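The structure under discussion appears below in the form of structure tokens.
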Number of protein chains: 4
Amino acid sequence: MPKVGMEPVRRAALVEATIAEIGAEGSLDVTVGSIAKRAGVSSGLAHHYFGGKDDLFLAAMAHILAGFHDEVRDALRNAETRRGRLDALVRASFAPSCFKPQTIAAWLNFYVMAQTSPRAEHLLHIYRARLRSNLLHALRPLTGKPEAMAETLGALIDGHYLRQALRAGAMGAPEATRLTLDALDDMLEAQ
Amino acid sequence: MPKVGMEPVRRAALVEATIAEIGAEGSLDVTVGSIAKRAGVSSGLAHHYFGGKDDLFLAAMAHILAGFHDEVRDALRNAETRRGRLDALVRASFAPSCFKPQTIAAWLNFYVMAQTSPRAEHLLHIYRARLRSNLLHALRPLTGKPEAMAETLGALIDGHYLRQALRAGAMGAPEATRLTLDALDDMLEAQ
Amino acid sequence: MPKVGMEPVRRAALVEATIAEIGAEGSLDVTVGSIAKRAGVSSGLAHHYFGGKDDLFLAAMAHILAGFHDEVRDALRNAETRRGRLDALVRASFAPSCFKPQTIAAWLNFYVMAQTSPRAEHLLHIYRARLRSNLLHALRPLTGKPEAMAETLGALIDGHYLRQALRAGAMGAPEATRLTLDALDDMLEAQ
Amino acid sequence: MPKVGMEPVRRAALVEATIAEIGAEGSLDVTVGSIAKRAGVSSGLAHHYFGGKDDLFLAAMAHILAGFHDEVRDALRNAETRRGRLDALVRASFAPSCFKPQTIAAWLNFYVMAQTSPRAEHLLHIYRARLRSNLLHALRPLTGKPEAMAETLGALIDGHYLRQALRAGAMGAPEATRLTLDALDDMLEAQ
DNA sequence: AATGAATGAGGATTCATTCAT
DNA sequence: GATGAATGAATCCTCATTCAT
């Protein structure tokens with residue numbers, strides 16, 4: 001049964017299974033056994049490749065963030081103007097993939113973990129630094145106080161996400177996108 | 001050991017202990033035993049009064065929300081103008097009590113729980129409905145689109161809270177308050 | 001609330017509640033609390049009057065046996081002949097009251113308890129001695145080996161009871177009565 | 001510690017330990033931990049293989065019934081005549097193995113469990129159906145009412161077993177065997 | 001590489017029992 | 001007499017983790 005070159009396949013399967021399992025449960029109260037079963041491997045293998053439960057979840061969160069990063073990069077690539085870049089960043093933040101229940105569950109539990117896990121905190125820091133950098137880059141030509149505006153936009157994005165994510169039967173993305181962009185326009189106009 | 005009239009005392013002690021314990025741990029991975037010990041009672045008593053671990057946490061969160069509710073009410077009572085009411089709501093949302101580590105831990109875990117626990121979701125819904133109602137009331141005379149503005153302000157509040165709560169060595173409150181009110185002013189001005 | 005002369009009432013209520021509770025559960029895995037609640041008293045009172053859970057069950061079993069004893073006595077009182085006395089004993093053993101689910105549950109658990117509880121064993125011994133005595137008295141004029149016949153009849157009664165008691169959707173009583181009396185007649189005839 | 005091919009060994013050890021533990025206690029009030037310790041394994045393994053306490057007891061009872069089944073089959077194999085088959089069935093029912101305290105404890109608790117556990121009830125049904133079938137087969141040539149006679153013999157067997165099992169310092173087997181066969185002869189003779 | 005048998009600590013929960021009132 | 005608050009031991013079960021194969 002052991003095959004060569006299976007490692008990347010196994011790792012990917014376990015990461016996907018972890019995300020799915022946390023999504024199904026809503027919390028980190030999932031067992032390594034259930035994750036392994038979903039991935040079609042033994043529980044021992046999960047430890048073999050990831051070391052432990054926390055590492056598994058961190059890898060899963062890193063995977064989600066990497067996916068998000070890719071989406072942002074693609075969106076920015078197609079943006080022509082400064083304003084278009086801001087649009088792209090907001091739209092990517094509220095992409096359908098971000099509102100999948102399993103992604104929501106991952107994010108919320110990620111926030112919990114970030115309080116105490118330095119590694120989770122680090123991941124979160126990277127996500128925020130990237131977003132801030134992207135926002136700053138696009139905002140600088142448009143406003144005299146890009147720092148404050150970037151922080152405000154970041155808060156709007158996180159806040160709308162949190163609200164839509166936990167809104168029963170929410171439309172989610174479109175509403176959040178519209179409100180954020182409207183607020184952005186208002187704030188730019190007021191300068 | 002049994003004494004009459006102790007019920008409110010025990011309940012309060014258990015609720016406080018639950019908040020403290022969750023704050024110390026950062027997550028809901030706390031034992032009823034440790035909560036009970038902190039409250040100075042037996043683990044059995046926690047079940048006697050609250051039924052189970054979830055009920056205990058829900059009671060703790062309800063306690064936090066009630067405290068917040070009181071703070072908002074007091075702040076509003078002292079507000080003179082419409083604009084002053086908005087100020088009060090924002091300031092109350094970023095009051096020092098909200099940024100105590102144990103309050104932060106409670107909120108973050110509350111969000112996680114709200115995904116799957118109808119009772120937690122209900123509690124969250126009440127908090128949001130109250131905030132929205134308060135914001136709408138103050139915004140209506142100041143803007144032509146109070147609904148959207150209330151939602152945006154709510155998102156700003158939640159977003160800034162989330163960001164400051166998980167910001168290493170953050171000042172928290174003052175920064176969040178200032179940014180939120182500045183954004184509010186910009187948006188009102190742009191109307 | 002304390003009233004004088006309530007003791008017999010409370011005791012009776014607790015005994016009845018114990019029988020009902022064991023009947024509902026099928027086993028001795030019932031709580032003193034649930035028994036007390038059913039009896040409309042506090043759990044403390046159950047201990048006050050009976051001392052403990054086992055004592056409560058023993059009292060309940062004694063109550064059942066006493067009721068059975070009364071039924072037997074009444075039945076014998078109306079019996080005219082020797083053969084009629086045997087009939088009466090068999091019929092009383094299979095009376096509807098004996099096949100109430102709660103009575104069945106009590107008996108089966110009583111057997112379990114009799115293995116290790118001297119007091120339960122003693123109660124069982126009394127029941128058997130009485131039955132044996134009654135059977136012997138009625139059988140002596142009818143057979144040359146009354147001892148063996150009494151033992152056989154006793155076994156038939158216990159065996160049929162056990163079988164009907166645990167027979168899904170059993171008629172219970174009539175079948176057991178008929179078979180026992182038929183066997184008795186056959187055996188007497190063969191002498 | 002993990003070894004391959006140990007499953008049957010572990011299962012057997014756990015089943016034996018369950019029977020022994022219940023026998024020592026007299027009731028089902030035994031802990032999975034004590035059973036596991038007696039079997040020389042961890043408590044977790046008991047759950048791993050059997051799922052839970054009830055399943056463990058059911059497996060133990062099934063084991064006892066299987067052993068009895070084997071004894072009956074062997075006994076029947078050596079029986080030459082119809083009457084000999086009846087003898088064999090009765091003797092097997094009162095074999096020394098049936099009167100071991102642990103077997104008695106298992107049977108009595110099995111009866112209790114059969115009231116509420118469909119699986120226990122099913123097991124009991126199978127035991128009875130087999131006995132009935134065996135008795136009918138042997139009785140048909142000897143009597144005009146084999147059904148009734150089988151039921152009566154079954155009751156005699158169960159009844160004598162119950163009586164001897166709970167008879168202080170009983171001889172058990174021989175007495176029960178003799179009385180049952182005597183009654184059988186009487187009944188056959190009376191035809 | 002991969003398995004899954006095996007461990008054993010840990011925790012929620014239940015409950016008989018006690019005792020202050 | 002009567003209550004029920006309070007205890008805390010007891011137990012089932014879960015699960016991360018290890019490791020022989």
Side-chain angles (χ1 to χ4, degrees), chain A residues 1-7 9-10 29-37 40-56, chain B residues 1-7 9-10 29-37 40-56, chain C residues 1-7 9-10 29-37 40-56, chain D residues 1-7 9-11 29-37 40-54 56:
Chain A
M1 295 121 184
K3 299 181 192 165
V4 295
M6 289 302 282
E7 172 158 351
V9 179
R10 300 304 197 198
D29 280 334
V30 295
T31 70
V32 174
S34 64
I35 291 172
K37 173 180 283 189
V41 301
S42 71
S43 67
L45 204 61
H47 284 88
H48 181 65
Y49 280 134
F50 289 90
K53 199 178 165 180
D54 282 4
D55 311 82
L56 203 38
Chain B
M1 299 123 188
K3 297 181 193 168
V4 298
M6 290 301 282
E7 173 157 350
V9 179
R10 300 307 196 197
D29 278 335
V30 295
T31 70
V32 174
S34 65
I35 292 172
K37 174 179 285 187
V41 301
S42 70
S43 68
L45 205 63
H47 286 91
H48 181 62
Y49 280 130
F50 290 91
K53 199 178 165 181
D54 282 5
D55 310 81
L56 203 39
Chain C
M1 294 123 185
K3 299 180 192 167
V4 296
M6 289 302 282
E7 173 157 350
V9 179
R10 302 302 198 198
D29 279 335
V30 294
T31 71
V32 175
S34 63
I35 291 172
K37 173 180 282 188
V41 301
S42 71
S43 67
L45 204 64
H47 284 89
H48 181 65
Y49 280 134
F50 290 91
K53 199 177 163 180
D54 283 4
D55 311 81
L56 203 38
Chain D
M1 296 121 186
K3 298 181 193 168
V4 297
M6 291 302 281
E7 173 158 349
V9 179
R10 301 306 195 196
R11 294 187 85 100
D29 279 334
V30 295
T31 70
V32 174
S34 64
I35 292 172
K37 174 179 284 187
V41 299
S42 70
S43 68
L45 204 64
H47 287 93
H48 181 63
Y49 281 130
F50 290 92
K53 199 177 164 181
D54 282 5
L56 203 37

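Quick note on labels: first sequence line is chain A, next is B, and so on, each numbered from 1. What you see is a predicted model; the values in this text were computed from it and never measured.
- For DNA chain E, if you chain together Watson-Crick or G-U pairs that step i with j, i+1 with j-1 and so on, the runs of at least three with distances under 3.5 Å are E:2-21 with F:2-21.
- Shown for residues 29-36 of chain D: residues whose heavy atoms fall under 4.0 angstrom of DNA chain F, namely D:Val30, D:Thr31, D:Val32.
- Under the side chain to side chain contact (heavy atoms under 4.5 Å, CB included) criterion, B:Ser34 pairs with B:Glu21, B:Val30, B:Thr31, sequence neighbours left out.
- In this structure, CG of A:Leu56 is placed 10 Å from P of F:dA16, rounded to the nearest angstrom.
- Shown here for C:Val32 and C:Ala46, the closest heavy-atom pair between the two residues is CG1-CB, 3.8 Å.
- Each of C:Gly40 and B:Ser42 was assigned the nucleotide of DNA chain F with the nearest heavy atom; the assignment lying further toward the 5' end belongs to C:Gly40.
- The CD-C1' distance, from B:Glu7 to F:dA5, rounds to 9 Å in whole Å.
- Nucleotide E:dA12 holds its P atom 13 Å from the NZ atom of B:Lys37, rounded to whole Å.
- Side chain of D:Ser43, nearest nucleotide from F:dC13, F:dG8, F:dA5: F:dC13.
- Regarding contacts with the backbone of E:dA6, a side-chain N or O of D:Arg10 is found under 4.0 angstrom from either OP1 or OP2.
- Residue pairs meeting the side-chain hydrogen bond (donor to acceptor under 3.5 Å, both in side chains) criterion with at least one member in residues 45-56 of chain A, sequence neighbours excluded, are A:Asp55-A:Arg119.
- Straight-line distance from the CE atom of B:Met6 to the P atom of E:dT21: 10 Å, rounded to whole Å.
- Within residues 46-55 of chain B, the residues approaching DNA chain E are B:His47, B:Gly52, B:Lys53, by heavy-atom distance under 4.0 Å.
- Between D:Ser43 and D:Gly33, the shortest heavy-atom distance links the atoms CB-CA, 4.3 Å.
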